[in-house]
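Worth saying up front: this structure is predicted, and the values here are computed from it rather than measured. Read the numbers this way: they start at 1 and go in the same order the structure lists the ligands and their atoms. Computation of the quantities below employed the complete heavy-atom set of this structure, encompassing side-chain atoms and omitting hydrogens, waters and symmetry-equivalent molecules.
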Amino acid sequence: MKKIDISSCINEIYLSLCIMNASGAICTTDKELNNLLKSSSGAVVTKSCTRNFRNGNKKPRYFEWKMGSINSMGLPNLGIDFYLKFLENQEIKKPIFLSVSGLSMEENFFLIKKANLSKKISAIELNLSCPNIKEEILGNDLCKISNFLGKIFKFNKKPLGIKLPPFFKEKSVENISLILNEFPITFITCINSLPNGIFVDTNNETTVIQPNNGFGGIGGAVIKPFALANIRKFYSFLRRDISIIGCGGISSGKDVFEHILCGASAVQIGTQLIKEGVSVFDRLRKELILLLREKNYSSIRNFQGKLKIFKKF
Ligand code: DHB
């Protein structure tokens, strides 16, 4: 049987499998990270870290149902020093993406400077889209974003990507892309959870999570169409050497295929990884290979970004 190539490159970073965890999904503690390191994922992304340890919001702060999930975690993490020290002691066999999410711009400079000192990190995923913190870094002020990135790339030497929130207007994607295209960015990850959803417990007539009056970021199957649309739009506006990591609503090999068809070079699994555990990577790999075999594709490069528009035959 012909071999099917499901490896990928995020710019210059080689992944033997184009599937990894999404930041936030069982990647906070040493036990969780060890589990991911041992798994068959193509890379490991850490929980977004801050300068200091954070307990996060009150529980319940995560809830899932058949078609999705809602969270308002409040950035619980062990602080950047923990992640750097943890990685220092590991034999690393696949790319490591350190996710950073400073509570202010200054804190992001500090975190990126520290991450630059670690040899174990392949890339930094700068999370500019945490819906559960107060200061909005990726707001509407495009000058501010450009200024911020200008300062980062004055000192940053590591491959750096940006985790983006979902956008709902073509113009917003175009405006952000014009800025990103001016900087030596390695990748974007899109999308983070859809902010400010509510899930209702009909029996009790309550929200299902406690923080933020029950409002939280929505993930899982229900957000896939928004993830695909964002990937597609960014693919049309971004410089070709900026890779896209797709994230949002993947629970089957077919979902992985759709993300790649829209323009992603690799994908991340959040809600489904929390539901299923690290065996999800093997299952998705098998389902993706089966689908590519059916479609007669020998590599993800055969169809990446090649979504066609509906035509009447
Ligand atoms: C959290 C949620 C996010 O969607 C994110 O990008 C970072 C942090 C959180 O609440 O912990």
Query - R240 to Y235 six-membered ring, cation-pi geometry met (6.0 Å, 45°) - result: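 Satisfied, under 6.0 Å and within 45°.
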Report task. Would you verify whether the NZ or CZ of K113 falls within 45 degrees of the ring axis of F155 while also being under 6.0 Å from that six-membered ring's centre? Result ->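 Ring-cation test returns yes.
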Query - For G74, atoms of ligand 1 separated by under 4.0 Å from a heavy atom - result: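 In order of numbering, the contacting atoms are 9 (C), 10 (O), 11 (O).
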Report task. Using a strict cut-off of 4.0 Å, indicate which atoms of ligand 1 neighbour a heavy atom of L75. Result ->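 Counting from 1, the qualifying ligand atoms are 8 (C), 9 (C), 10 (O), 11 (O).
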Requested in this report: Using the rule that two of Ile, Leu, Val, Met, Phe, Trp, Tyr join whenever any of their side-chain heavy atoms come within less than 4.5 Å, decide whether L98 and L128 are in one cluster.
Outcome: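 Yes; tracing contacts between hydrophobic side chains, which count when under 4.5 Å, links both residues.
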Look only at interatomic distance and state if [X] has a nitrogen or oxygen under 3.5 Å from any nitrogen or oxygen of ligand 1.
| X | answer |
| --- | --- |
| S48 | no |
| S129 | no |
| N192 | yes |

**Report entry** Close aromatic pair by centroid cut-off 6.0 Å: F82 and F53
**Finding:** no
**Report entry** Proximity of F226 and F167 rings by center, below 6.0 Å
**Finding:** no
So is [X] close enough to ligand 1, meaning a heavy atom under 4.0 angstrom away?
| X | value |
| --- | --- |
| P76 | yes |
| S193 | yes |
| K47 | yes |
| G217 | no |

Requested in this report: Walk me through it: do F148 and F153 pass the test ring pair (Phe, Tyr, Trp, His ring centres under 6.0 Å)?
Outcome: CA-CA 9 Å; F148 175 59; F153 285 106; 9.8 Å; no
**Report entry** Nearest-0.5 Å distance that lies between atom CG in D141 and atom CD1 in I145
**Finding:**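 Taking CG in D141 and CD1 in I145, the distance rounds to 7.0 Å.
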Query raised in the report: At a non-hydrogen distance cut-off of under 4.0 Å, which region of N127 contacts ligand 1 (side chain, backbone, both, or neither)?
Result: side chain
